[in-house]
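What follows is one structure encoded as structure tokens, with my remarks underneath.
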Amino acid sequence: DTGVSQDPRHKITKRGQNVTFRCDPISEHNRLYWYRQTLGQGPEFLTYFQNEAQLEKSRLLSDRFSAERPKGSFSTLEIQRTEQGDSAMYLCASSSQGGGLIIAPYEQYFGPGTRLTVT
Amino acid sequence: EDQVTQSPEALRLQEGESSSLNCSYTVSGLRGLFWYRQDPGKGPEFLFTLYSAGEEKEKERLKATLTKKESFLHITAPKPEDSATYLCAVQARGSQGNLIFGKGTKLSVKP
């Protein structure tokens, strides 16, 4: 089991540029979550997919943010026209939906994160 | 509004000095309470899930307990490698499964 992976691990960009992050969940997990974490704070929920359907978006997810999970496997998070306030760690997590699997329902396993710095 | 508050914000212990971290929560129906460990620059690492008041779970030097209003993470005879930020999160009934996190407790264990 390779766990949740994220790419890139670090991204430095200039204000106004677009950036895209990728998340590969644990292979048997059908749920995928994106969170954002700033220094000294806990992760904050951004959006959630079940298979390829995006089922919930936080009010934190402005119009400049878009997420996709086209085939129900990996997911991408794009930020357009980045602002300095977007600087944060972007975390991806995945979970199964229960049904007698070894992994209990709703427990989320996180990837290593992508650290974004907007200059 | 669903909310999680962790205390203290930071805790310094000597190696072998046992202590507890607190997580107080208000939520419209608790589906689960989760403890994670986070090392600097890394993603949170899952530790425990607690589902109902009175439940306890243990892993090595860590023991998590749950009441109707709060959870405790007890650390027995900590070692320097236990130094990390410990995050508490809740999942509310009726949510799509997103977690609501506290700000965490930064634990430092000195040899």
Side-chain angles (χ1 to χ4, degrees), chain A residues 1 3-7 9-10 21 23 25-26 29-51 53-61 88-98 103-117, chain B residues 1-10 21-25 27 29-52 55 57 59 64 71 73 84-107:
Chain A
D1 181 11
V4 179
S5 62
Q6 293 187 245
D7 185 71
R9 295 293 308 279
H10 304 275
F21 310 140
C23 170
I26 294 171
H29 285 180
N30 62 342
R31 294 184 170 186
L32 187 147
Y33 302 82
W34 286 99
Y35 292 82
R36 180 173 70 186
Q37 186 177 27
T38 54
L39 198 62
Q41 304 293 315
E44 295 176 292
F45 170 73
L46 293 178
T47 190
Y48 153 65
F49 290 85
Q50 182 161 311
N51 300 312
Q54 188 173 19
L55 296 184
E56 188 173 1
K57 293 192 287 187
S58 162
R59 67 184 186 281
L60 295 176
L61 210 67
M89 174 79 89
Y90 289 83
L91 293 162
C92 175
S94 70
S95 73
S96 66
Q97 199 173 346
I103 299 173
Y106 311 120
E107 291 172 356
Q108 296 178 23
Y109 294 86
F110 284 80
T114 295
R115 168 73 66 188
L116 173 66
T117 302
Chain B
E1 181 182 350
D2 299 334
Q3 190 171 319
V4 176
T5 304
Q6 292 188 247
S7 62
E9 291 185 5
L21 313 182
N22 178 263
C23 171
S24 298
Y25 64 91
V27 64
L30 182 70
R31 176 180 285 160
L33 184 142
F34 304 83
W35 282 97
Y36 287 86
R37 169 190 171 131
Q38 187 173 30
D39 293 302
K42 297 187 177 182
E45 174 190 348
F46 171 76
L47 293 174
F48 302 110
T49 308
L50 300 167
Y51 293 104
S52 58
E55 190 174 0
K57 289 196 176 171
K59 179 180 179 180
S71 176
L73 185 65
T85 295
Y86 290 85
L87 294 165
C88 173
V90 297
Q91 196 171 76
R93 292 188 192 282
S95 75
Q96 293 285 355
N98 54 289
L99 299 177
I100 301 166
F101 280 87
K103 293 183 178 181
T105 294
K106 185 175 182 179
L107 175 66

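Keep in mind that this is a model prediction, so the values were computed, not measured. Lettering follows sequence order; numbering is per chain, from 1.
- Partner A/Q108 forms a side-chain contact (heavy atoms from CB on, under 4.5 Å) with one of B/Y36, B/F34, B/F46 and no other, that one being B/Y36.
- Checked by atom type and distance alone, the side chain of A/Y35 pairs as donor or acceptor with a backbone atom of B/L99 at under 3.5 Å.
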Please list every donor-acceptor pair under 3.5 Å in which a side-chain atom of residues 36-43 of chain A meets a protein atom from a residue at least two apart or in another chain.
residue : atom : partner : partner atom : Å
A/Q37   : OE1  : B/Q38   : NE2          : 2.9
A/Q37   : NE2  : A/Q41   : O            : 2.9
A/Q37   : NE2  : B/Q38   : OE1          : 3.0

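- The choice from B/P44, B/G104, B/G41 that makes the most heavy-atom pairs within less than 4.5 Å of chain A is B/P44.
- With sequence neighbours excluded, no residue forms a salt bridge (Lys or Arg N to Asp or Glu O under 4.0 Å) with B/K103.
- When all heavy atoms are compared, the tightest approach of A/L91 to B/G43 is CD2-CA, 3.9 Å.
- Between atom CG of residue B/N98 and atom NZ of residue A/K57 there is a gap of 14.5 Å, rounded to the nearest 0.5 Å.
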